[in-house]
Enquirer: 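Quick one: this structure, given as structure tokens, is what I'll be asking you about.
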Amino acid sequence: EVQLVESGGDMVQPGWSLRLSCVGSGFTFSGSDMSWVRQAPGKGPEWVSRIASGGRIYYVDFVKGRFTISRDNAKNTVALYMDNLAPEDTAVYYCSADAGSVAYWGQGTQVTVSS
């Protein structure tokens with residue numbers, strides 16, 4: 001059974017940091033490109049960042065310099081470190097695995113940024 005389990009979401013104040021983590025199982029994690037996608041209330045999904053199986057990293061422009069993605073294939077884990085959070089970062093953050101012909105999704109973790 002494929003599982004992606006996110007954790008680390010919380011309610012924080014603007015300017016604070018959070019580290020999200022996603023643990024995968026049931027598929028070849030090391031061979032999969034891993035992404036973080038978020039969905040804010042009332043909006044559609046928004047791609048945030050991707051780390052390819054070979055390690056190449058991509059970010060959407062509005063998180064460059066604030067968010068850092070990393071992966072640990074030995075632990076089947078992908079992380080997203082988010083710095084200098086703003087209210088517009090409020091969303092459910094989902095972890096996704098692109099295993100070639102199929103994509104897997106986690107259940108999401110809520111991040112709320114509010115003063």
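For the single chain, residues carry numbers from 1 onward in sequence order. Side chains are part of it too, since the values below use all heavy atoms of this structure and drop only hydrogens, waters and symmetry mates.
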Enquirer: Check the hydrophobic clustering (I, L, V, M, F, W, Y; side-chain heavy atoms under 4.5 Å; chains of links allowed) and say if Val5 and Ile51 are grouped together.
Expert: no
Enquirer: Check the hydrophobic clustering (I, L, V, M, F, W, Y; side-chain heavy atoms under 4.5 Å; chains of links allowed) and say if Val23 and Tyr104 are grouped together.
Expert: no
Enquirer: Which label fits Phe67 and Tyr93: parallel for a plane angle under 30°, tilted from 30 to 60°, or perpendicular past 60°?
Expert: tilted
Enquirer: Ignoring hydrogens, what is the shortest heavy-atom contact between Val37 and Pro45? Give both atom names and the distance.
Expert: CG1-CB, 4.0 Å
Enquirer: Show me the pairs that pass salt bridge (charged side-chain N to carboxylate O under 4.0 Å, His left out) and involve residues 4-29, at least two apart or across chains.
Expert: none
Enquirer: Do Ile69 and Trp105 share a hydrophobic cluster, counting only Ile, Leu, Val, Met, Phe, Trp and Tyr and linking them when any side-chain heavy atoms are less than 4.5 Å apart?
Expert: yes
Enquirer: Please give me the minimum heavy-atom distance between Pro14 and Ser115, naming the atom from each residue.
Expert: CD-N, 3.7 Å
Enquirer: Check the pair Ser32, Ser53 against side-chain contact (heavy atoms from CB on, under 4.5 Å), reporting the backbone distance first and the verdict last.
Expert: CA-CA 5 Å; Ser32 301; Ser53 58; 6.0 Å; no
Enquirer: For a quick test of reading the model, state the closest non-hydrogen atom pair linking Phe27 to Val2 and the distance between them.
Expert: CD2-CG1, 3.8 Å
Enquirer: For Asn84, what residues pass the side chain to side chain donor-acceptor pair (under 3.5 Å) criterion, not counting sequence neighbours?
Expert: none
Enquirer: So, do Val78 and Cys95 sit near enough that their side-chain heavy atoms are less than 4.5 Å apart?
Expert: yes
Enquirer: Under the criterion side-chain contact (heavy atoms from CB on, under 4.5 Å), I'd like the reasoning laid out for Tyr59 against Val48: C-alpha separation, chi angles, the key distance, then a yes or no.
Expert: CA-CA 6 Å; Tyr59 297 104; Val48 175; 5.9 Å; no
Enquirer: Can you check whether Ser96's main-chain N or O pairs, donor with acceptor, with Ser35's side chain at less than 3.5 Å?
Expert: no
Enquirer: How long is the span from the CG atom in Leu20 to the OG atom in Ser49, to the nearest 0.5 Å?
Expert: 11.0 Å
Enquirer: Are Leu80 and Tyr58 co-members of a hydrophobic cluster defined by side-chain heavy atoms under 4.5 Å apart?
Expert: yes
Enquirer: Could you tell me whether the side chain of Thr68 and the main chain of Tyr81 form a donor-acceptor pair under 3.5 Å?
Expert: no
Enquirer: Does any part of the side chain of Thr112, heavy atoms only, come nearer than 4.5 Å to the side chain of Val12, both counted from C-beta?
Expert: no
Enquirer: What are the two closest non-hydrogen atoms of Ala97 and Met34, and how far apart are they?
Expert: CB-SD, 3.5 Å
Enquirer: If hydrophobic clusters are built from ILVMFWY residues whose side chains come within less than 4.5 Å, do Met82 and Phe62 share one?
Expert: yes
Enquirer: Write out all pairs satisfying salt bridge (charged side-chain N to carboxylate O under 4.0 Å, His left out) with one or both partners inside residues 25-40, taking only residues at least two apart or from two chains.
Expert: Asp33-Arg50, Arg38-Glu46, Arg38-Asp89
Enquirer: Answer with yes or no whether the side chains of Thr90 and Glu88 bring together a donor and an acceptor at under 3.5 Å.
Expert: no
Enquirer: Closest heavy-atom contact between Asn73 and Asn76?
Expert: O-OD1, 3.1 Å
Enquirer: Can you tell me if Ser17 and Asp83 form a side-chain donor-acceptor pair at under 3.5 Å?
Expert: yes
Enquirer: Give the intermediate values and the outcome of side-chain contact (heavy atoms from CB on, under 4.5 Å) for residues Cys22 and Tyr94.
Expert: CA-CA 9 Å; Cys22 172; Tyr94 297 91; over 6 Å; no
